[in-house]
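Numbered from 1 within each chain, the chains take letters A, B, ... in sequence-line order.
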Protein chains: 4
Amino acid sequence: MMNDKIPEYLIIDVDGVMTTGQFLYSVEGKEYKVFGPHDNDGIKLIRNHIKIVFVTADKRGFPISHKRIVDDMHHELFLVSEGDRLSYIDSTFGLEQSAYIGDGFYDAPILKKCLCGIAPSNARVEARNAADFVTDSKSGEGAVLDACLYLINRYFGGVEIQ
Amino acid sequence: MMNDKIPEYLIIDVDGVMTTGQFLYSVEGKEYKVFGPHDNDGIKLIRNHIKIVFVTADKRGFPISHKRIVDDMHHELFLVSEGDRLSYIDSTFGLEQSAYIGDGFYDAPILKKCLCGIAPSNARVEARNAADFVTDSKSGEGAVLDACLYLINRYFGGVEIQ
Amino acid sequence: MMNDKIPEYLIIDVDGVMTTGQFLYSVEGKEYKVFGPHDNDGIKLIRNHIKIVFVTADKRGFPISHKRIVDDMHHELFLVSEGDRLSYIDSTFGLEQSAYIGDGFYDAPILKKCLCGIAPSNARVEARNAADFVTDSKSGEGAVLDACLYLINRYFGGVEIQ
Amino acid sequence: MMNDKIPEYLIIDVDGVMTTGQFLYSVEGKEYKVFGPHDNDGIKLIRNHIKIVFVTADKRGFPISHKRIVDDMHHELFLVSEGDRLSYIDSTFGLEQSAYIGDGFYDAPILKKCLCGIAPSNARVEARNAADFVTDSKSGEGAVLDACLYLINRYFGGVEIQ
């Protein structure tokens with residue numbers, strides 16, 4: 001049966017959720033991340049229903065994620081290590097008030113304990129097993145649009161298409 | 001049964017149709033899009049039968065698409081937002097005169113209302129469900145050649161191979 | 001039954017055979033091609049048995065292919081358009097003396113007419129249908145090693161592994 | 001039945017194990033390799049149990065691998081050609097003391113002769129057939145985390161998740 005409580009926050013992990021998880025290295029270090037289509041359409045559909053925040057544990061690639069999420073998409077992005085993420089989310093937003101999209105080994109306990117946990121189809125098996133919903137799409141191929149449509153249908157009365 | 005009316009325009013969405021849909025971000029922003037093989041072969045096969053135009057909703061990546069489509073492939077490219085695309089196509093080319101290849105959530109109504117709607121195999125489910133034809137190939141892996149061969153076989157008497 | 005005649009030339013298309021077929025575009029144009037692992041191992045295994053030459057139809061990306069194939073791998077590379085390729089190969093090397101690895105729509109007649117035609121598993125359907133052998137691996141993921149092992153087993157007495 | 005002897009070394013091939021195996025070429029040559037998510041999580045989980053070293057046969061791309069493995073991940077990296085790798089590992093670390101993760105044609109004999117051989121799911125068939133364990137994930141998509149979890153479960157008493 002569906003949970004009646006409606007999440008106040010949608011917390012989205014960047015790497016492996018908004019990106020394919022892969023990064024391009026040159027002799028200069030980590031230079032590129034691979035973002036995909038469709039996800040921004042989903043974020044636009046849901047942003048009036050829920051407060052959206054992004055988290056990342058990638059210190060070295062933080063400037064790249066910042067450029068995309070903060071400068072270009074105008075959302076908030078927090079740098080939180082994997083080990084601190086569960087307690088950070090709980091103390092800052094409240095696990096019980098949050099929907100969370102994550103893909104990694106250390107996301108599994110967050111996905112299990114938050115109000116609504118979602119994992120991309122190519123997430124770690126530990127994350128997929130802990131999630132309430134696994135998207136049809138892979139990360140970097142529309143997983144976040146899938147997640148947004150799921151949340152809109154579950155909590156916010158569905159989407160009206162033209 | 002096949003539609004007897006022959007399209008005058010072939011309108012091709014760039015991102016997710018001519019490209020994989022993915023883009024590479026650095027600290028400088030969106031820098032690369034991933035185009036694939038085969039599609040130019042398809043465009044050369046059909047260009048004497050139909051007027052080809054390209055559309056994109058990607059403002060930030062427009063200079064990249066312009067370099068590929070206009071400077072290097074010598075086709076017309078129009079920047080039209082997703083929300084305006086249906087009415088833009090209808091008023092400029094006429095939906096009833098147009099074949100359209102698109103992959104996104106907002107392409108679904110266009111694909112449904114145009115004369116012949118085509119979606120790559122990795123398009124959003126909403127686009128695939130709205131299309132007359134779904135290609136065997138993914139975008140960036142020959143979807144546009146598939147689409148051109150389909151249109152040539154359906155409307156223009158088929159292809160002669162050596 | 002196996003063909004008794006042994007090919008003198010192994011002609012390898014670059015794009016979509018040695019690469020994934022995809023290329024990265026920036027505002028500066030075509031900048032990167034994606035090569036893969038394993039293929040050089042195959043070329044080293046077969047190079048004492050057969051004369052290897054590479055062909056490409058990609059004018060704009062020729063300097064990239066040249067850097068990889070000629071400068072770094074020390075093989076010959078010829079720029080030949082798709083339309084001219086069949087007659088070029090026949091007049092220069094002889095189709096009946098050549099094994100050919102190709103992936104495109106216009107490679108189909110060459111694959112059919114050469115002594116031994118090979119297509120990567122992700123080649124165009126027209127190329128796969130025309131080939132004597134379709135590799136297990138995709139291009140950019142070891143298709144050329146697969147092809148070399150096939151040729152060594154068929155014509156050159158097999159490979160001895162340690 | 002499980003082998004009772006516990007490996008002292010975990011030797012990890014870089015290309016095709018820590019990366020997708022693919023590399024991006026420009027007119028300047030080999031410029032980028034594609035690393036993936038999750039693997040560093042696995043290395044952190046196992047590094048207190050076993051001595052970890054990396055090997056690569058890629059001379060031309062060595063500075064890129066060095067940047068990632070040595071400068072950024074703070075591990076040891078050895079440049080050893082494919083032909084020398086088996087004897088190098090045996091004389092330096094001892095095959096009987098080593099777990100090895102490799103993906104290539106020339107890794108097959110090492111995988112067979114070492115204490116515990118592991119291949120990513122997209123490794124060459126020769127490597128997969130020679131390995132004790134084939135990961136669920138592809139290289140560049142978490143194969144090394146899979147391998148580390150396997151080794152921890154087999155030799156080091158399993159992982160405790162929160």
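- With contacts defined as side-chain heavy-atom distances shorter than 4.5 Å, the pair Y25(D)/D72(C) qualifies.
- Separation of atoms CG (D103(D)) and NE2 (H38(C)) is listed at 4.5 Å; rounding is to 0.5 Å.
- Here the closest non-hydrogen pair linking Q22(D) and G36(C) is CG-CA, 4.0 Å.
- For F133(D), the side chain to side chain contact (heavy atoms under 4.5 Å, CB included) test picks out I118(D), T135(D), Y150(D), with sequence neighbours left out.
- Taking CZ of R68(C) as the start and NZ of K30(D) as the end, the distance is 5.5 Å to the nearest 0.5 Å.
- Aromatic ring centres of Y32(D) and Y32(C) lie closer together than 6.0 Å.
- Listed here is the closest heavy atom pair of P37(C) and G21(D): CD-O, 3.2 Å.
- Of the two parts of S137(C), only the side chain, counted from C-beta on, holds a non-hydrogen atom closer than 4.5 Å to a non-hydrogen atom of chain D.
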Could you check D146(C) against R124(D) for salt bridge (charged side-chain N to carboxylate O under 4.0 Å, His left out), going step by step and ending with a plain yes or no? CA-CA 9 Å; D146(C) 286 356; R124(D) 287 292 310 170; 2.6 Å; yes
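- Across every non-hydrogen atom of L24(C) and L24(D), the tightest pair is CD2-CD2, 3.6 Å.
- With chain D as the partner, the residue from H66(C), K33(C), E31(C) showing the most heavy-atom pairs under 4.5 Å is K33(C).
- Using a 4.5 Å cut-off between heavy atoms, S65(C) does not touch chain D at all.
- Within a 6.0 Å radius of NZ in K112(C), no more than 12 heavy atoms belonging to other residues, nucleotides or ligands are found.
- Interatomic distance, CD of E82(D) versus NZ of K44(C), reported as 5.5 Å (0.5 Å rounding).
- Only the backbone of E28(D) comes within contact range of chain C, with at least one heavy atom under 4.5 Å from a heavy atom of that chain.
- No more than 12 heavy atoms of other residues, nucleotides or ligands lie within 6.0 Å of CG in D136(D), so this atom counts as exposed by the packing criterion.
- With a 4.5 Å cut-off on non-hydrogen atoms, D58(D) does not touch chain C at all.
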